[in-house]
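A note on names: the letters A, B, ... follow the listed sequences, proteins ahead of strands, and every chain is numbered from 1. Just the heavy atoms: all of them, side chains too, but no hydrogens, waters or symmetry mates, feed the values below.
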2 protein chains.
Amino acid sequence: MTKPARRAHRRVDAEANDRALLRAAHDVLAEDGAHASVAAIAARAGVGIGTLYRRYRTKSELFQHLCAVSLDQWLAAAEDGLAHDDPWEGLAHYVTTGVALGSGSLGPIAGMIEITEEMADKNTRSDAAAALLVERAHAAGVLRSDVTVIDLHLLLEQLGRSPLLEQLGRQGRPDLVEAARNSRARITAIALDGLRAPAPRPLPGAPPGYELFSERWEPPPPGT
Amino acid sequence: MTKPARRAHRRVDAEANDRALLRAAHDVLAEDGAHASVAAIAARAGVGIGTLYRRYRTKSELFQHLCAVSLDQWLAAAEDGLAHDDPWEGLAHYVTTGVALGSGSLGPIAGMIEITEEMADKNTRSDAAAALLVERAHAAGVLRSDVTVIDLHLLLEQLGRSPLLEQLGRQGRPDLVEAARNSRARITAIALDGLRAPAPRPLPGAPPGYELFSERWEPPPPGT
DNA sequence: CCCTTGCGGAGCGATTCGCTCCGCTATAGC
DNA sequence: GCTATAGCGGAGCGAATCGCTCCGCAAGGG
């Protein structure tokens, strides 16, 4: 295209609308789970259904984009953590930032969208950065020795969704959201203290295997 | 009725069927959230829809019974914890047992069922027992001093639902369930170590208020 | 042997879904 | 101020799914 710019009528609003749509999709997904409907997402974003469908050709495409953005945020959180000089501070930044992302809400769309090569690549790089963070912390002796990077992943997945926040949203109580966020920050701090070396007693059972991660994003078998 | 007992044709199966129904309701609720359908529950329990509807007059009634059973289990867990002589062991028992109950899956039915007086009473007694557990642990100096009973409640709510287990169930991978349970036990152990006194650093923000608990089980406002 | 009793699941009306399509509003160029 | 038009909102479509009813059938008791 040689045309430098095709002026839109409301170019200023468009970008804000897009962010609102993604945020709305995330929130509705958290509150309604797999039951989330496009109508609810559009309403939450304050736009019409038509506006949503001009931006994304299908519901899956919206969710796919949402996933891609989330992967970007995770990668950034891990790289920011590595940028810290102190190994523990870097790990703590990764944990607190990742929890605050709240991407556990994206769980219900596993198997509903196609994973592009670009997304898989971002995921790989993100995992590698997280592994580096854990290795560095282990080497510095600040992370309890019996915790693996997979333990950390599953911990983040566990803390990445907030039943309290989801229910408050479902009941329309934005006045309590701030208190709920603070509560989750306290819980995250408790978990971080539990991760700190030295460990008072060893973790139970065997370290979790990698098989808990592979095949996690493939569609479920037809018989359901 | 003066008749002492009306013999059923399959009285032995009936009790097993009832347990299977409750377990199935719990599992399907965990996997499908509010979207859970009676057909899916009956299929999971291995019974017909008619069988389910002869036992419970409506879907809400089934969920209500499920909640009542869960409340019983929580109360038992708290009282078992108090039965321990060691304050820390008692608290740890309460936490690990409560997490394993997995009652976080019941979240989606908040506001869908009527809370009977009996259920409210059980809830009150359960809360009182949990408060006693926390007080005792504080008095013994084994629980970090800046954590409140509400922190503990919210922590249990956070750990009481397992995204990993839910997704595995959705994908029909029972072979990985044991590993997933073990992983959650490890995460619970990490959290317990984070709860142990002395605390390496104080928890962020103000202690959560009781308002995060009141009104939590009332139906959402009509405008949604 | 028949009769009672609990069981499974097809099917009902109602609801909700993803998505299309069209009338309307708000702006750009003149 | 006027017209042309790009972007917007939401009514409404067919399809799918929901909670629930009801009836034909299998499984023991007398």
Side-chain angles (χ1 to χ4, degrees), chain A residues 1 3-21 24-25 28-29 31-66 108-109 111-114 170 222-224, chain B residues 1 3-21 24-25 28-29 31-66 108-109 111-114 170 222-224:
Chain A
M1 285 236 237
K3 280 187 193 172
R6 286 245 255 121
R7 202 106 317 260
H9 276 194
R10 315 184 125 192
R11 251 216 54 210
V12 194
D13 300 6
E15 204 170 339
N17 274 354
D18 204 34
R19 264 198 298 273
L21 266 176
V28 173
L29 214 43
E31 291 171 19
D32 297 348
H35 189 59
S37 71
V38 280
I41 294 173
R44 165 80 66 122
V47 304
I49 300 179
T51 305
L52 188 155
Y53 271 95
R54 206 172 335 92
R55 236 171 277 271
Y56 302 97
R57 276 175 303 181
T58 187
K59 187 185 180 183
S60 298
E61 196 172 301
L62 167 61
F63 286 164
Q64 198 180 27
H65 189 205
L66 190 62
I109 64 181
M112 287 174 58
I113 63 174
E114 190 198 359
R170 229 174 289 134
T224 299
Chain B
M1 285 228 239
K3 282 187 191 173
R6 289 242 257 123
R7 203 107 317 263
H9 275 193
R10 314 184 128 190
R11 244 207 73 201
V12 193
D13 302 6
E15 203 171 340
N17 274 355
D18 204 35
R19 264 198 299 272
L21 266 177
V28 173
L29 214 42
E31 291 172 18
D32 297 348
H35 188 60
S37 71
V38 279
I41 294 174
R44 164 81 65 124
V47 304
I49 300 179
T51 306
L52 188 155
Y53 271 96
R54 205 169 338 91
R55 235 171 277 272
Y56 303 98
R57 277 175 302 182
T58 186
K59 186 184 180 184
S60 299
E61 197 173 301
L62 167 60
F63 286 164
Q64 198 180 27
H65 189 205
L66 188 63
I109 64 182
M112 286 175 59
I113 64 174
E114 190 198 358
R170 229 175 286 136
T224 299

Name every donor-acceptor pair, under 3.5 Å, that has one atom in a side chain of residues 45-53 of chain A and the other anywhere in the protein, sequence neighbours excluded.
none

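When rounded to the nearest whole Å, the span between OH of Tyr53(B) and C1' of dG6(C) equals 18 Å. As rounded to whole Å, 7 Å separates atom C1' of dG19(D) from atom NZ of Lys59(B). At whole-Å resolution of the value, CG in Leu62(B) and P in dC20(D) are 10 Å apart. In this structure, the CG atom of Leu29(B) is 11 Å from the P atom of dG19(D), given to the nearest Å. Distance, Ile41(A) CD1 to dT16(C) P: 17 Å, rounded to whole Å. Protein atom CG of Leu52(A) is 14 Å distant from nucleotide atom P of dC17(C), rounded to whole Å. Taking atom CD1 on Ile113(A) and atom P on dG18(C), their separation rounds to 16 Å, with Å as the unit. Asp32(A) has its CG atom 9 Å from the P atom of dC17(C), to the nearest Å.
Ala36(A) comes within 4.0 angstrom of the backbone, heavy atoms only, and of no base.
In this structure, of dT21(D), dT20(C), dC18(D), it is dC18(D) that holds the atom nearest to the side chain of His35(B). Checking dC18(D), dC7(C), dG18(C) against the side-chain heavy atoms of Arg55(B) singles out dC7(C) as nearest.
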Criterion side chain to side chain contact (heavy atoms under 4.5 Å, CB included) on Leu21(B) and His65(B), from CA distance to verdict: CA-CA 11 Å; Leu21(B) 266 177; His65(B) 189 205; over 6 Å; no

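In terms of phosphate contacts, Ser37(A) brings no side-chain nitrogen or oxygen within less than 4.0 Å of OP1 or OP2 of dT16(C).
Distance check, rounded to the nearest 0.5 Å: NE2 of His35(A) to CG of Asp32(B) gives 11.5 Å. A distance of 11.5 Å separates CE in Met112(A) from CD in Gln64(A), rounded to the nearest 0.5 Å. Atom CD1 in Ile113(B) sits 9.0 Å away from atom CZ in Phe63(B) (nearest 0.5 Å).
Within the structure, the salt bridge (charged side-chain N to carboxylate O under 4.0 Å, His left out) test picks out the following pairs touching residues 39-52 of chain A (sequence neighbours left out): Asp27(A)-Arg44(A), Glu31(A)-Arg44(A).
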B/S/- contact track for nucleotides 9-15 of chain D, protein heavy atom under 4.0 Å: BB-----

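Taking all atoms of both residues into account, the shortest heavy-atom contact from Ile41(B) to Ala24(B) is O-CB, 3.5 Å.
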